[in-house]
Amino acid sequence: MSQYSKEIDKRRTFAIISHPDAGKTTLTEKLLLFGGAIHVAGAVKSNKIKKTATSDWMEIEKQRGISVATSVMAFDYEDHKINILDTPGHQDFAEDTFRTLTAVDSVIIVVDVAKGVETQTRKLMEVCRMRKTPVIVFVNKMDRDGKDPFDLLDEIEEELKINVRPLSWPIDMGQRFKGVYNIFEQKLDLYTPSKQFVTESVEFKDINNPELEKHIDSSLAQKLRADIELIEGVYPEFDVETYLKGDIAPVFFGSALHNFGVRELLDCFIRIAPSPRAVQAIERVVNPYEDNFTGFVFKIHANMDPNHRSCIAFVKICSGRFERNANYKHVRFNKGMRFSSPTAFMAQKKETVDEAFAGDIIGLPDTGNFKIGDTLTSGEELHFKGLPSFSPEMFKYIENADPMKAKQLAKGIEQLMDEGVAQLFVNQFNNRKIIGTVGQLQFEVIQYRLLHEYGAQCKWEPLSLYKACWIESDNAVMLENFKKRKMQYMARDKEGRDVYLADSSYVLTMAQQDFPDIKFHFTSEF
């Protein structure tokens with residue numbers, strides 16, 4: 001074991017995922033409050049609280065009250081270094097969230113007590129299952145009326161296809177919400193709502209003690225005892241190993257807005273969540289405790305500081321220790337690079353760091369050297385897989401609305417596409433630029449950001465296409481024939497690869513039948 005192992009064991013890197021509006025950003029905000037990273041919590045949208053949420057720092061996020069980009073925040077809590085990634089829930093930004101899941105060791109899923117498990121949560125859970133990522137479920141908004149907790153547990157098991165085990169249990173809900181019994185630590189937390197500050201809890205060890213009736217009504221006390229007995233009888237004993245394998249999800253109840261049940265979640269999380277785990281590269285498995293540094297870029301963000309127009313590449317460190325000003329190999333370019341100002345994050349605020357360890361996420365200033373999926377190492381040839389771009393489903397021509405700002409528009413498009421917000425295709429027939437996205441909201445975000453961050457105006461022209469697919473073939477003659485025949489529908493992506501823009505599913509199927517030697521790919525990794 002290397003000298004770094006102690007540092008690496010302290011690290012906990014996780015993402016918060018859910019359907020829009022379940023309360024991810026609010027939960028992130030409260031975790032930062034417990035970590036002492038902020039002293040007054042902001043709200044995503046509230047008339048009474050003027051401070052906006054720390055992780056929603058982009059102007060468009062503050063206006064709309066939604067997250068459109070994954071934010072990275074780090075804080076210390078009880079001798080652990082915690083990295084949170086607050087992801088967008090909206091399905092139009094699912095690709096950003098999928099990529100984020102490659103950079104974390106565990107996940108907290110937020111479920112709304114009234115709405116239960118929703119579509120986006122289901123999709124994200126599939127990614128976690130594929131990667132065997134350990135999951136904790138936080139049932140939010142207990143201060144509102146919702147589904148019966150037992151019904152909700154059944155729904156989570158059925159919809160997310162994972163066994164559950166409650167580690168805290170609510171005492172009533174909505175207006176009558178009295179608090180939570182913490183099964184993991186065997187204590188009673190009574191509810192006193194406070195949106196912006198941390199409230200104290202009452203410790204209570206033995207649930208069968210008649211003293212319990214002094215804190216809550218006797219009918220509620222009896223119900224709580226019966227519920228706990230039922231839980232102990234029906235659900236398996238909680239086992240950390242099973243959780244780490246991704247086979248069981250501990251469940252907590254609370255209200256992120258009113259700061260309730262969050263500390264129980266955090267205390268349990270740092271005890272059971274995994275420290276950095278081994279990562280599978282194409283060449284071999286990378287162990288976090290190795291001495292040599294390795295890491296990959298999973299996200300690029302333009303304009304984190306509007307005054308400087310700078311891009312930042314987010315790097316997940318997979319092994320060893322990263323040092324400022326040391327020489328590291330950029331594997332795709334096969335050349336050495338030094339970084340004089342690597343940064344650690346608190347959403348948009350950042351500070352320069354001298355060293356970072358496996359499990360950390362650092363930001364490297366990017367002047368166009370990085371793409372999503374790039375690898376940095378101490379010298380070894382390594383490639384990390386699993387960061388594909390998916391085939392877009394909506395397409396529009398992008399046109400310049402202000403001829404005086406052509407340069408700004410070109411730069412804006414280039415930087416936003418590097419971020420992976422959407423994909424750019426250039427039509428080989430007429431050289432027009434086509435933007436492909438997963439959802440309508442991305443077009444609005446691109447237009448807004450081009451105007452407010454680059455001062456460039458763009459207008460959209462509708463384009464009716466079914467799918468974009470990357471094509472390749474060993475049969476050069478057939479490929480040439482195909483490209484001639486489909487001349488109007490051929491484009492190139494940012495890497496200069498051939499992309500076929502099919503205008504209907506029928507045409508695509510016919511093309512696949514007529515040209516059997518051509519491979520059609522629906523993700524950019526092939």
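All values below were derived from every heavy atom in this structure, side-chain atoms included, with hydrogens, water molecules and symmetry-related copies excluded. The residues of the chain are indexed from 1 along the displayed sequence.
- Remark: side-chain polar atoms of D105 are not paired, donor with acceptor, to backbone N or O of P274 under 3.5 angstrom.
- Ring geometry, F296 versus F298: the interplanar angle exceeds 60°, so the pair is classed perpendicular (tilted spans 30 to 60°).
- Taking the six-membered ring where the residue is Trp, F425 and F395 present tilted rings, their angle falling between 30° and 60°.
- In this structure, D514 contributes its side chain and A511 its backbone to no donor-acceptor pair below 3.5 Å.
- Not less than 6.0 angstrom separates the ring centroid of Y397 from the ring centroid of W460.
- Salt-bridge formation is detected for the pair K371/E495: a Lys NZ or Arg NE/NH1/NH2 atom is positioned less than 4.0 Å from an Asp or Glu carboxylate oxygen.
- The aromatic rings of F370 and H330 lie parallel to each other, their planes meeting at an angle below 30°, with 60° marking the opposite boundary.
- One finds no salt bridge joining E380 and K329 here, because no Lys/Arg side-chain nitrogen approaches an Asp/Glu carboxylate oxygen to under 4.0 Å.
- Summarising the local packing, CZ of R485 is surrounded by 12 or fewer heavy atoms from other residues, nucleotides or ligands at distances under 6.0 Å.
- Residues satisfying the salt bridge (Lys or Arg N to Asp or Glu O under 4.0 Å) test with E159, not counting sequence neighbours, are R122.
- Aromatic ring centroids of F269 and F14 lie under 6.0 Å apart.
- Looking only at atom types and distance, the side chain of T377 has no donor-acceptor partner in the side chain of T294 under 3.5 Å away.
- Ion pair D247/K132 flagged as a salt bridge, since at least one NZ, NE, NH1 or NH2 atom sits closer than 4.0 Å to an Asp/Glu carboxylate oxygen.
- Between the side chains of N430 and Q488, no donor-acceptor pair of N or O atoms lies under 3.5 Å.
- Using a 4.0 Å cut-off between a side-chain N of Lys or Arg and a carboxylate O of Asp or Glu, R432 and E399 qualify as a salt bridge.
- Counting only distance, with no hydrogens or angles, the side chain of K10 and the backbone of H80 share no donor-acceptor pair below 3.5 Å.
- Counting only distance, with no hydrogens or angles, the side chain of E355 and the backbone of F322 share no donor-acceptor pair below 3.5 Å.
- Salt-bridge formation is not detected for the pair E414/K494: no Lys NZ or Arg NE/NH1/NH2 atom is positioned less than 4.0 Å from an Asp or Glu carboxylate oxygen.
- With hydrogens and angles ignored, the 3.5 Å screen pairs a side-chain donor or acceptor of D360 with a backbone N or O of F357.
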| said: Would W470 and D493 count as a side-chain hydrogen bond (donor to acceptor under 3.5 Å, both in side chains) here? Give the steps. | reply: CA-CA 9 Å; W470 288 266; D493 70 0; 2.9 Å; yes

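- For the atom pair CD1 of I434 and CG of L465, the computed distance is 6.5 Å after rounding to the nearest 0.5 Å.
- In terms of modelled atom types and a separation under 3.5 Å, the side chain of Y489 and the main chain of K483 share no donor-acceptor contact.
- In this structure, the side chain of Q428 does not engage the main chain of M487 through any donor-acceptor pair within 3.5 Å.
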